[in-house]
Participant: 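Got a structure for you, questions after.
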Number of protein chains: 2
Amino acid sequence: MVRAGLTPERVALAGAELADEVGLDQVTMARVARRLGVKDASLYTHVRGLEDLRGRIALLAADEKTLRIAEATAGRSGKDALVAFADAWREYAHEHPGRYAATQISVRIDPELAARAPGPRRAVELTYSMLRGYGLAEPDLTDAVRLLRSTFHGFVALEAAGGFAHARAPQRSWTRALDALHTLLEHWPPSREGESP
Amino acid sequence: MVRAGLTPERVALAGAELADEVGLDQVTMARVARRLGVKDASLYTHVRGLEDLRGRIALLAADEKTLRIAEATAGRSGKDALVAFADAWREYAHEHPGRYAATQISVRIDPELAARAPGPRRAVELTYSMLRGYGLAEPDLTDAVRLLRSTFHGFVALEAAGGFAHARAPQRSWTRALDALHTLLEHWPPSREGESP
DNA sequence: GGTTTAACCTAATGCCCCTAGGCATGTTCC
DNA sequence: GGAACATGCCTAGGGGCATTAGGTTAAACC
């Protein structure tokens, strides 16, 4: 019989595709195996188990999303960069709902594996460099990065969960949110912290 | 043999407790049944199945969270109200991680059941009334509500997922985010929309 | 070509979801 | 009080999934 030629990466990719098609919680070892034309037990050669597979999907998604953001923001600055960054984030979530959902489980990913994936770290770094133009200094910079990431993630998560039932199109609220965040970053309220960061 | 006296509400409550203790994805019919001292098949008298149970946990959590927010914001206005609102939200997520996680699956909840639960709708209404003091008008009001909800949810979701690896305490970033949002609401950028909402 | 490595397999265990059908416990109505 | 009914909880069982153990065979290396 001919071998399927699997690798951990190919298994994770099949899982990611499945996640986008049928939802992350429907990604099972059995289903991934069927998609790859292989028995489920065979997957354990490449992947430690379902948890590990999920972690790999998450890291794959983080890498892809980061790449998209990097391409979108390249050569841009100021509000241009902010909008490009945010739109790339949201579009990735829309195009790959299952993969995106996987990124929310980062807690229990194998640390050794996570250390090799550049995605999550790079995404944070990209946020920092995007904010460079606004002239913030630490610790305000970290606070601003966290605020932006929270808002971007929260928006697409609520959107995906059907949280925007009101008639107004989410796209408009999104655009306005970016306007607002831009204004906010330009007039970042002065810190009243007497302590160290 | 003595009856357990179950109801859909008691089953959902047991599921919610379990979710907080062991994680939402570890909430199984079998485990809930064991906790209630009953065989798993018996639960199907009260709950349609696992999906239905999850939906009921989500609605239970939404109701509880809304109540907490309502109590926290009662009699407050302006930034006081904003901070009380946000803190109540975040504290609920911290105290009840499993319940909170359930609120993120609202898409496929039985619509008939959801219509009877006041929580989700009430939560949005509370956000609107909290913003009353900032003098926004539609459609800016809806946009602001969505921005706030996105940020609150995004922050606690990232926090729960271990997304804030940096040394700075999340609490400080949270406080600063609320400062920033308050400032933002006071100086909401003018809409350049020529169209209808 | 023979040996070694590892990719893939079969088999088996145990947990889970869910349905069907039975019995016993409460309730209602005389 | 007792008959008739509704229903809470049960046992039994089918089918799916995750995972492990151990066998086989294709590929890689000498």
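Model, not experiment: these values are computed from the prediction.
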Participant: Taking it one step at a time, do A:Arg76 and A:Val83 satisfy side chain to side chain contact (heavy atoms under 4.5 Å, CB included)?
Facilitator: CA-CA 10 Å; A:Arg76 296 178 192 272; A:Val83 171; over 6 Å; no

Participant: At 4.0 Å (heavy atoms only), tell me whether A:Thr28 reaches a base, stays on the sugar-phosphate, or touches nothing.
Facilitator: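 Sugar-phosphate contact only - A:Thr28 comes under 4.0 Å of backbone atoms but never of a base.
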
Participant: Give a yes/no on whether any side-chain N or O of A:Arg34 is located under 4.0 angstrom from OP1 or OP2 of D:dC17.
Facilitator: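 Checking D:dC17 against A:Arg34, a side-chain N or O does come within under 4.0 Å of OP1 or OP2.
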
Participant: Test side chain to side chain contact (heavy atoms under 4.5 Å, CB included) on B:Arg56 and B:Val11; report intermediate values, then the result.
Facilitator: CA-CA 9 Å; B:Arg56 286 171 191 273; B:Val11 174; over 6 Å; no

Participant: Quick test of your reading of the model: are B:Arg68 and B:Glu71 salt-bridged, counting only N-O distances below 4.0 Å?
Facilitator: no

Participant: For nucleotides 11-14 of chain D, which of its nitrogen or oxygen atoms have a protein nitrogen or oxygen under 3.5 Å away, and what is each distance?
Facilitator:
none

Participant: Could you give the CZ-to-P distance, from B:Arg31 to C:dC17, as a whole number of Å?
Facilitator: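 From B:Arg31 CZ to C:dC17 P: 11 Å.
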
Participant: Between atom CG in B:Leu6 and atom P in C:dT25, what is the gap in whole Å?
Facilitator: 16 Å

Participant: Can you find a side chain N or O atom of A:His46 that sits less than 4.0 Å from OP1 or OP2 on C:dC8?
Facilitator: yes

Participant: Do the side chain of A:Thr142 and the main chain of A:Pro139 share a donor and acceptor less than 3.5 angstrom apart?
Facilitator: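 Not at all, since once roles are kept as given, no pair shorter than 3.5 Å links the two residues.
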
Participant: Please lay out, stage by stage, how A:Glu17 and A:Arg35 fare under the test salt bridge (Lys or Arg N to Asp or Glu O under 4.0 Å).
Facilitator: CA-CA 10 Å; A:Glu17 291 168 358; A:Arg35 162 177 285 249; 2.7 Å; yes

Participant: Using heavy atoms and a sub-4.0 Å distance, could you list which residues of residues 11-26 of chain B are near DNA chain C? By number, please.
Facilitator: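 Contacts with DNA chain C under 4.0 Å: none.
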
Participant: If I compare all heavy atoms of A:Leu60 with all of A:Ala16, which pair ends up nearest, and what's the gap?
Facilitator: CD2-CB, 3.3 Å

Participant: Find out whether the Lys NZ or Arg CZ of B:Arg90 is both under 6.0 angstrom from the six-membered ring centre of B:Phe155 and within 45° of the ring's axis.
Facilitator: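 So B:Arg90 doesn't make the cation-pi contact.
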
Participant: OG/A:Ser150 to CD/B:Glu159 distance, rounded to the nearest 0.5 angstrom?
Facilitator: 8.5 Å

Participant: List the steps and the verdict of salt bridge (Lys or Arg N to Asp or Glu O under 4.0 Å) for B:Arg176 and B:Asp179.
Facilitator: CA-CA 5 Å; B:Arg176 294 291 284 148; B:Asp179 288 347; 3.6 Å; yes

Participant: Tell me the interatomic distance from A:Tyr44, atom OH, to C:dA7, atom P, rounded to whole angstroms.
Facilitator: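 Rounded to the whole Å, the gap is 17 Å.
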
Participant: Between P on C:dC16 and CD on B:Glu51, what's the gap in Å once rounded to a whole number?
Facilitator: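 So the two atoms are 18 Å apart, to the nearest Å.
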
Participant: Rounded to whole Å, please give me the gap between CG in A:Leu50 and C1' in C:dC16.
Facilitator: 14 Å

